[in-house]
Peer 1: 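I'd like to ask some things about the structure below.
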There are 2 protein chains.
Amino acid sequence: MKNPVKVTITGAAGHIGYALAFRIASGAMFGVNQPVILRLLEIPQALPSLLGVGMELEDCALPLLYDIVLSDDPAIGFRETDFAILIGAKPRSKGMERNDLLLENAKIFAAQGKSINQHASADVRVLVVGNPANTNALIAMSNAPDLQPQQFSAMSRLDHNRTLGQLANKTNSKVADIRRAIIWGNHSVTQYPDISQCTINGQPAFELVSRDWAIDHMIPRIQRRGAEIIEARGLSSAASAADAVVNHVHDWVLGTPTDDWISMSVPSDGSYGISEGIVFSLPVTCREGRYEIVQGLEIDAFSRTRLNITEQELLSERAVIRDLLNQG
Amino acid sequence: MKNPVKVTITGAAGHIGYALAFRIASGAMFGVNQPVILRLLEIPQALPSLLGVGMELEDCALPLLYDIVLSDDPAIGFRETDFAILIGAKPRSKGMERNDLLLENAKIFAAQGKSINQHASADVRVLVVGNPANTNALIAMSNAPDLQPQQFSAMSRLDHNRTLGQLANKTNSKVADIRRAIIWGNHSVTQYPDISQCTINGQPAFELVSRDWAIDHMIPRIQRRGAEIIEARGLSSAASAADAVVNHVHDWVLGTPTDDWISMSVPSDGSYGISEGIVFSLPVTCREGRYEIVQGLEIDAFSRTRLNITEQELLSERAVIRDLLNQG
């Protein structure tokens with residue numbers, strides 16, 4: 001057996017963390033020959049519940065799970081970790097202003113960035129799930145000066161998978177036959193799910209569905225899918241979010257298929273004219289543990305308008321929390 | 001790709017069902033080359049929540065998940081199904097007598113047995129998880145006269161895995177190195193977790209732990225582990241139960257390792273002197289989709305006493321619900 005990889009989950013006793021921990025420990029993220037050590041972090045008041053999660057993990061007798069560490073101390077939770085999956089975040093409470101939410105979370109993710117910088121493996125890879133995920137990732141990244149920006153990402157894979165699901169459903173095709181969906185921008189209602197590059201069994205998606213359907217139905221539905229789930233379940237997406245985390249890290253580490261790409265929110269490098277200094281969802285391919293932004297895709301006028309809207313939102317989010325960005 | 005297998009889950013919007021559906025659909029139960037169709041059943045008042053589960057499954061874009069059927073009609077839910085995983089059951093409410101709980105559930109599982117008999121595949125395999133699981137399985141089985149009793153089982157795999165977990169923890173060994181744990185009897189506080197046959201890296205477990213530890217600590221802790229989890233989490237075991245369901249069906253279909261066995265609650269055939277006509281947890285091996293009860297293990301005086309206690313409990317449960325057993 002290989003040496004175990006260390007995976008830290010924050011907010012590990014929450015709904016997404018609970019759905020995720022067992023998936024990772026059963027081999028879904030790194031394959032069935034890769035042992036793992038789970039380092040589960042929670043806030044102090046959630047420690048009893050986290051203890052229960054730890055007991056249930058023990059009760060699964062999972063052969064790949066070499067150790068479980070439960071803590072409310074980031075210095076312990078992030079110690080030498082290879083992967084930090086940051087789920088815990090402050091949710092919007094009633095009457096809370098949007099800017100207050102951004103600032104409250106900025107403090108949390110600034111502290112976590114510092115702690116990761118200090119305690120994690122030098123090769124750590126970070127995935128931010130807790131919302132506002134893109135800007136939280138930017139803050140964590142900017143507070144980890146010893147790490148490369150490319151070690152930080154935020155999750156747009158759930159939106160990506162939702163796009164595949166909607167398109168498969170609409171065209172009565174299999175998701176495995178669909179390639180090259182893209183989520184551009186922020187994981188928010190301004191995101192732009194783009195199927196203009198999509199093929200289904202090699203055929204362009206826009207030969208099978210109309211642009212009007214995409215604009216009037218698919219895009220708004222993906223943008224507001226989270227709310228649709230909450231309305232049905234009375235709870236926010238958990239198992240599907242956990243599944244997207246598994247996909248995101250799996251593909252980042254083990255690579256994307258040769259004829260496809262995935263969507264990841266990563267630090268903008270100016271590709272497609274997007275401002276640097278924000279974390280923006282882009283189409284990427286992964287090889288040998290590194291992602292590369294897909295280059296040279298045509299951006300038509302409609303897409304450009306959508307890209308601008310979501311870019312502006314991310315720039316305005318950054319303006320709110322700029323004092324917490326460590327520019328050193 | 002092979003033809004998809006059809007899997008029905010009852011109580012699919014509950015905590016265990018929610019943890020389970022995504023595991024099955026991602027390939028954990030039947031392997032990554034076996035497509036599945038999920039037929040999710042719920043009671044009418046849980047249909048909105050079930051709709052949300054269906055949306056989240058769609059949002060995962062899982063390549064193996066060929067179709068999702070959501071229904072509150074057993075005739076639809078069990079139609080031509082290959083595997084029926086019966087999780088939904090009436091929980092004990094405050095002030096409810098034990099016999100009332102048995103009878104309320106007996107009605108549910110009698111109806112489900114009849115429906116499975118009428119609608120499911122002739123080769124269907126049934127796993128009862130909803131408590132009291134062993135007696136519920138007996139009722140379902142006895143109401144399905146066209147099926148073989150060996151097509152019905154109840155779950156003791158969570159208890160089995162908990163035993164491996166406790167023993168690994170106590171001896172600081174890997175669960176993968178432990179063989180031949182046994183859960184005997186009822187999935188209740190009378191169950192008998194038996195490590196007298198266990199080896200750890202080939203060494204008898206009782207050379208590494210004392211019989212007193214097993215009797216005074218391990219056995220009572222496994223028997224009451226469910227309550228321990230509830231106390232910590234404020235919720236009953238869900239992800240660990242779902243994981244045990246995955247293990248149970250996986251091994252039943254794909255076989256047990258050559259040098260090990262598992263615990264399954266199955267109709268007693270008189271082995272080890274256990275009365276026929278009850279569903280009793282026993283050590284079994286599985287080959288080609290069928291289980292066989294492990295024969296010839298020595299039962300010492302201590303074990304015999306424990307077997308008698310749990311057998312008596314199952315006989316008394318059967319006495320309460322005997323009018324619902326279809327003897328035709």
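The basis for the numbers below is simple: all heavy atoms, side chains too, and nothing from hydrogens, waters or symmetry mates. Lettering follows sequence order; numbering is per chain, from 1.
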Peer 1: Identify which of B/R23, B/M55, B/K174 forms the greatest number of heavy-atom pairs closer than 4.5 Å to chain A.
Peer 2: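 Of the candidates given, the most pairs with chain A belong to B/M55.
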
Peer 1: Kindly compute the distance separating OG (B/S49) from CD1 (B/I43), expressed to the nearest 0.5 Å.
Peer 2: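 Spacing of OG (B/S49) from CD1 (B/I43) equals 10.5 Å.
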
Peer 1: Where does A/A168 contact chain B at under 4.5 Å (heavy atoms): side chain, backbone, both or neither?
Peer 2: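 Looking at A/A168, nothing touches chain B.
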
Peer 1: Using non-hydrogen atoms and a 4.5 Å limit, figure out which bit of A/A46 sits close to chain B: side chain, backbone, both or neither.
Peer 2: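 Nothing of A/A46, per the 4.5 Å heavy-atom cut-off to chain B.
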
Peer 1: Let me know if B/A238 has heavy atoms under 4.5 Å from chain A in its side chain, its backbone, both or neither.
Peer 2: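 Both the backbone and the side chain of B/A238 come within 4.5 Å of chain A.
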
Peer 1: May I ask you to check whether A/H248 and A/S153 show a side-chain donor-acceptor distance below 3.5 Å?
Peer 2: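 There is such a pair (donor and acceptor under 3.5 Å, judged by atom type) between the side chains of A/H248 and A/S153.
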
Peer 1: Return the CZ to CH2 distance between A/F83 and A/W252, rounded to the nearest 0.5 Å.
Peer 2: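 So the CZ of A/F83 and the CH2 of A/W252 are separated by 8.0 Å.
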
Peer 1: Nearest 0.5 Å please: distance from the CZ atom of B/R39 over to the CG atom of B/L70.
Peer 2: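 Reported to 0.5 Å precision, the distance equals 10.5 Å.
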
Peer 1: Distance alone, cut at 3.5 Å: any donor-acceptor contact between the side chains of B/S71 and B/D73?
Peer 2: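 Distance-only check fails for B/S71 and B/D73.
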
Peer 1: Counting only heavy atoms closer than 4.5 Å, note whether A/E231 contacts chain B via side chain, backbone, both or neither.
Peer 2: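 For A/E231, there is no contact with chain B at all, as no heavy atom is under 4.5 Å.
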
Peer 1: Which bit of B/L62 comes within less than 4.5 Å of chain A, counting heavy atoms only: side chain, backbone, both or neither?
Peer 2: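 Its backbone and side chain both get close to chain A.
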
Peer 1: Starting at OG1 of A/T199, measure out to CZ of A/R180 and round the result to the nearest 0.5 Å.
Peer 2: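 One finds 6.5 Å between OG1 of A/T199 and CZ of A/R180.
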
Peer 1: So which heavy atom on B/A19 is nearest to which on B/A239, and how close?
Peer 2: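 So the two residues come closest at CB-CA, 4.0 Å.
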
Peer 1: Which one of B/L50, B/D59, B/V175 has the most heavy-atom pairs closer than 4.5 Å to chain A?
Peer 2: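 Top option by heavy-atom pairs under 4.5 Å: B/D59.
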
Peer 1: Counting heavy-atom pairs under 4.5 Å with chain B, which one of A/I178, A/V246, A/D243 comes out on top?
Peer 2: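 It is A/D243.
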
Peer 1: Can you measure from CD (B/E58) to CG (A/N169) and round to the nearest 0.5 angstrom?
Peer 2: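 The CD atom of B/E58 sits 4.5 Å away from the CG atom of A/N169.
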
Peer 1: Could you check whether atom CG of A/D259 has more than 12 heavy atoms from other residues, nucleotides or ligands sitting under 6.0 Å from it?
Peer 2: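 Yes, CG of A/D259 has more than 12 neighbouring heavy atoms, counting only those of other groups under 6.0 Å.
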
Peer 1: Look at B/A13, B/G165, B/C60, B/P63 and state which one has the largest set of heavy-atom pairs under 4.5 Å with chain A.
Peer 2: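 Highest number of pairs under 4.5 Å: B/C60.
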
Peer 1: Quick one: does NZ or CZ of A/R233 land under 6.0 Å from the six-membered ring centre of B/Y18, within 45 degrees of the ring axis?
Peer 2: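 That pair qualifies as a cation-pi contact.
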
Peer 1: Let's test your reading of the structure: which of A/S240, A/A244, A/G52, A/A21 forms the most heavy-atom pairs below 4.5 Å with chain B?
Peer 2: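 Most heavy-atom pairs within the cutoff with chain B belong to A/S240.
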
Peer 1: If I measure from the heavy atoms of chain B, does A/I222 come under 4.5 Å with its side chain, its backbone, both, or neither?
Peer 2: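 It is neither, since no heavy atom gets under 4.5 Å.
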
Peer 1: So if I take each residue of residues 155-164 of chain B and look for any heavy atom under 4.5 Å from a heavy atom in chain A, which residues do I end up with?
Peer 2: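 Counting heavy atoms that sit under 4.5 Å from chain A, the residues of residues 155-164 of chain B involved are B/L158, B/N161, B/R162, B/L164.
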
Peer 1: Any chance you could measure A/M218, atom CE, to A/D194, atom CG, to the nearest 0.5 Å?
Peer 2: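 It is 8.0 Å, given to the nearest 0.5 Å.
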
Peer 1: Looking only at non-hydrogen atoms, find the nearest pair between B/I16 and B/S237 and report the distance.
Peer 2: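 So the minimum-distance heavy-atom pair works out to CG1-O, 3.8 Å.
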
Peer 1: If we define contacts as heavy-atom pairs under 4.5 Å, which of B/G54, B/A61, B/G27, B/P48 has the most with chain A?
Peer 2: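 Highest number of heavy-atom pairs under 4.5 Å: B/A61.
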
